[in-house]
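Reading through the structure tokens given below for one structure.
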Amino acid sequence: MLRYTLKRLLSLALSLIVASVVIFVAIEVVPGDPASYMLGINAQPDTVAALREELGLNVGPFQRYVNWITGLVRGDFGTSYTYRTEVADMIGERLWISLPLALFALTMSTLIAFPAGILAATKRGSAWDVAVMGVTQLGVAIPNFWFAMLIVLVFAINLRWFSAGGFPGWDQGLAVGLKALLLPAISLALPQASILARVMRSALLDTLDEDFIRTARAKGLTRRQVLRRHALRNAMIPVLTIIGLQFSFLLAGAIIIENVFFLPGLGRLVFQSISQRDLIVVESVVMLLVFAVVVVNFAVDLAYAAVDPRLRSRG
Amino acid sequence: MGRGGWVRAALSSRSFMFGLILSLLFLGAALLSFFWTPFDVARLTISERLQLPSAMHWFGTDHFGRDIFSMIMVGARTSIAVALVAVGIGMVMGVPLGLAAAARAGRLLDEIIMRGNDLVFAFPALLIAIMITAVFGASAVNAIIAIGIFNIPVFARLTRGAALSLWKRDYVMSARVAGKGAARISAEHILPNIANLLIVQGTIQFSLGILAEAGLSYVGLGAQPPTPSWGRMLADAQTLISLAPHIAIFPGLAIVFTVLGLNLMGDGLRDLFDPRLRRARA
């Protein structure tokens, strides 16, 4: 396990380095001079020069890359040009919306998908199975932002149970904050739960067909015991993979959903920064999201190496 | 299965036929819109704004008085074009990479390709689009590139996995013994045998591409006005949804039915190609 972990760790580090180079080149090298890009075509030469100085653009790209990375490692993400505040502070503030939103949606999608998938697989061919498959087929086809608009129409505009958007802040209490995130989390969770329920069903059907399940039944375990001790445990490997992948989609999906609900999270920050040409912010937020995705997938790899020892030897 | 058997099996699969009909319906609408739409989507008739569905305007009109049915027809063009080209990019780049990785399985080239794949997977299409837009601005072309890049590892991974098992088959062995090179074996023996898989995955990525395009143009990173696109129509509808829900409902339904149709068709194709798998697609 140690060898496997080290190997994965090395590949994690390598991925992060390559990703950071790609992001740096895309955002700082490709547009030519970021300072004149950020200020637009009507900028005065001395303003551009001042911004170049401020952003540390007067050194070569390699040195700039090194400065950026060492800054990131120390937690210094630079200063936003438009907001005149530390990017790290802005991200930290907004992370308190995006991260709970993604986790809320992930929890919800798992809580819906597991029972639905298990029900469909164990009662294969029944009306339950048909219902789960039908609903999930629809669930993967519905764009989450459109679903979000529809539930806003019903629950916020018509029934007035929720506010249509915005975030009151966590200082108003946990319940108030969660209530504001409920509709966004449901919209994010819907397609994910549909995918996960289908994965759960097919993974479970595959294991229920295996010989060891028959053996377990033959030695006198009840269906429920077989399901819990043998089938579910083996079905978890593909399910875990999908949960890991989903986390990245949830973070990215949150970017769109935050826009539907006017939530001041990372997604809104990215779009505001794009429209204000604040490249420094875009660069750091994208890097942060990629970092999160890579680290989560690393954790998933380790998790299923722990569940399934055969995977360790394959590296 | 003979040719007649294929057609019979296809006709008897209700979900496949439903998917096929839905998909053809939207393709037909997109093609027809090049020659004819009930109303001109470029003409604004403010006096007819936000009308409810009627015999004249089947899906009603939007806030500029444009006919929503006509806009959905033209929007189908954008969605289909973006998703189709993006799948094309994914296949053209991803399949050769996957074939090469399988031919050199376990060696350095394989390792580089697969790690590269993992890396691209770390950038969801939306993040790629955000980076491209931050630098080059928003457009349908940039949306295509973003979705296309994201498709590459999908096809590379699928191709490698399927090709790996074929490399162990007897007929590939005999081709090697006969002195054929890896590239020729890949093209002549491996590729034809994984074509079915690629077609099935292609329809699935196509439907994901339509969803992605809708999402990108909804947040303003895709097709720009005046080009009608379903995501854009939904973005415009958002502020008016309490006044005129129909302008949000129809473009959304267009997306749902297209994606549903493609998914059902993909499922059906998979069953037709490989009846052993006729069970559950995740």
Side-chain angles (χ1 to χ4, degrees), chain A residues 11 14-15 18-19 22-23 26-27 30-31 37 120-121 124 133 137-138 140-147 149-150 152-153 157-158 191 195 198-203 205 238 242 245 248-249 251-253 255-256 259-260 267 270-271 273-275 277 279 282-283 285-286 289-290 293-294 297, chain B residues 15 19 111 115-116 118-138 204 207-208 210-212 214-216 218-221 230-231 234-235 237-238 241-243 245 248-249 251-253 255-264 267 277 279-282:
Chain A
S11 122
L14 208 63
S15 302
V18 179
V22 171
I23 294 171
I27 292 187
V30 175
Y37 176 84
R124 179 175 169 187
M133 290 307 277
Q137 185 70 266
L138 208 57
V140 288
I142 295 178
N144 56 11
F145 60 91
W146 182 62
F147 185 67
M149 288 166 69
L150 294 184
V152 164
L153 181 67
I157 296 174
N158 288 338
I195 296 170
R198 293 173 87 87
V199 174
M200 186 63 179
R201 174 182 179 272
S202 67
L205 282 181
I242 300 296
L245 279 176
S248 70
F249 283 99
L251 272 179
I255 296 179
I256 291 184
N259 273 281
V260 184
V270 164
F271 286 112
S273 311
I274 288 180
S275 59
R277 300 185 159 214
L279 290 182
V282 178
E283 188 178 53
V285 175
V286 171
L289 290 175
V290 170
V293 172
V294 174
N297 288 338
Chain B
S15 64
E111 189 67 16
R115 289 295 143 258
D118 290 348
L119 196 69
V120 179
F121 256 139
F123 290 82
L126 190 65
L127 281 187
I128 302 175
I130 285 173
M131 288 204 319
I132 296 178
T133 324
V135 176
F136 298 107
I204 295 164
S207 78
L208 289 176
I210 288 191
L211 278 176
L216 290 178
Y218 170 75
V219 288
L221 299 183
W230 294 342
L234 288 176
Q238 192 173 359
I241 192 166
S242 54
L243 282 174
I249 286 170
L253 286 178
I255 300 172
V256 173
F257 281 118
T258 312
V259 173
L260 187 68
L262 286 166
N263 284 342
L264 290 176
D267 281 358
L277 288 176
R279 200 164 62 195
R281 177 162 76 86

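Scope of the values below: all heavy atoms of this structure, side chains included, with no hydrogens, waters or symmetry mates. Computed from a predicted model, the values in this text were never measured in an experiment. Letters A, B, ... are given to chains in the order of the sequence lines, protein chains preceding strands, and every chain is numbered from 1.
- Considering only heavy-atom pairs separated by less than 4.5 Å from chain A, the leading option among B/T258, B/I132, B/L253 is B/L253.
- Inter-residue side-chain proximity for A/Q137 and B/D267 is flagged as met; some heavy-atom pair is nearer than 4.5 Å.
- Heavy atoms of A/I157 lying under 4.5 Å from chain B belong exclusively to its side chain.
- Looking at A/F145 and B/V219, their side chains never come closer than 4.5 Å, going by heavy atoms from C-beta outward.
- For A/V152, no part lies near chain B; criterion is any non-hydrogen pair under 4.5 Å.
- In this structure, the portion of A/I274 lying under 4.5 Å from any heavy atom of chain B is its side chain and not its backbone.
- Note that CG of A/L150 and CD1 of B/I241 are 6.0 Å apart. Values are rounded to the nearest 0.5 Å.
- Separating the CG atom in B/L211 from the CG atom in A/N144 is a distance of 8.5 Å, to the nearest 0.5 Å.
- A distance of 4.5 Å separates CD1 in B/I130 from CZ in A/F271, rounded to the nearest 0.5 Å.
- Both the backbone and the side chain of B/L234 come within contact range of chain A, judged by heavy atoms closer than 4.5 Å.
- Interface remark: B/I210 contributes no atoms to any contact with chain A (heavy atom separation under 4.5 Å).
- Proximity to chain B involves both the backbone and the side chain of A/I23, based on heavy atoms less than 4.5 angstrom apart.
- Scanning all heavy atoms of the two residues, the minimum distance from A/L153 to B/P245 falls at CD2-CB, 3.9 Å.
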| request: Could you go through the side-chain contact (heavy atoms from CB on, under 4.5 Å) check for A/W146 and B/I255 one step at a time? | output: CA-CA 9 Å; A/W146 182 62; B/I255 300 172; 5.9 Å; no

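- With a 4.5 angstrom heavy-atom cutoff, B/S242 touches chain A via backbone and side-chain atoms both.
- With a threshold of 4.5 angstrom between heavy atoms, A/V260 approaches chain B through its backbone and through its side chain.
- With a 4.5 Å cut-off on non-hydrogen atoms, B/L208 does not touch chain A at all.
- Top candidate by heavy-atom pairs under 4.5 Å with chain B, chosen from A/V294, A/V286, A/N297, is A/V286.
- Both the backbone and the side chain of A/V290 come within contact range of chain B, with heavy atoms under 4.5 Å apart.
- Residues A/M149 and B/Q238 come closest through the heavy atom pair CE-CA, 3.8 Å.
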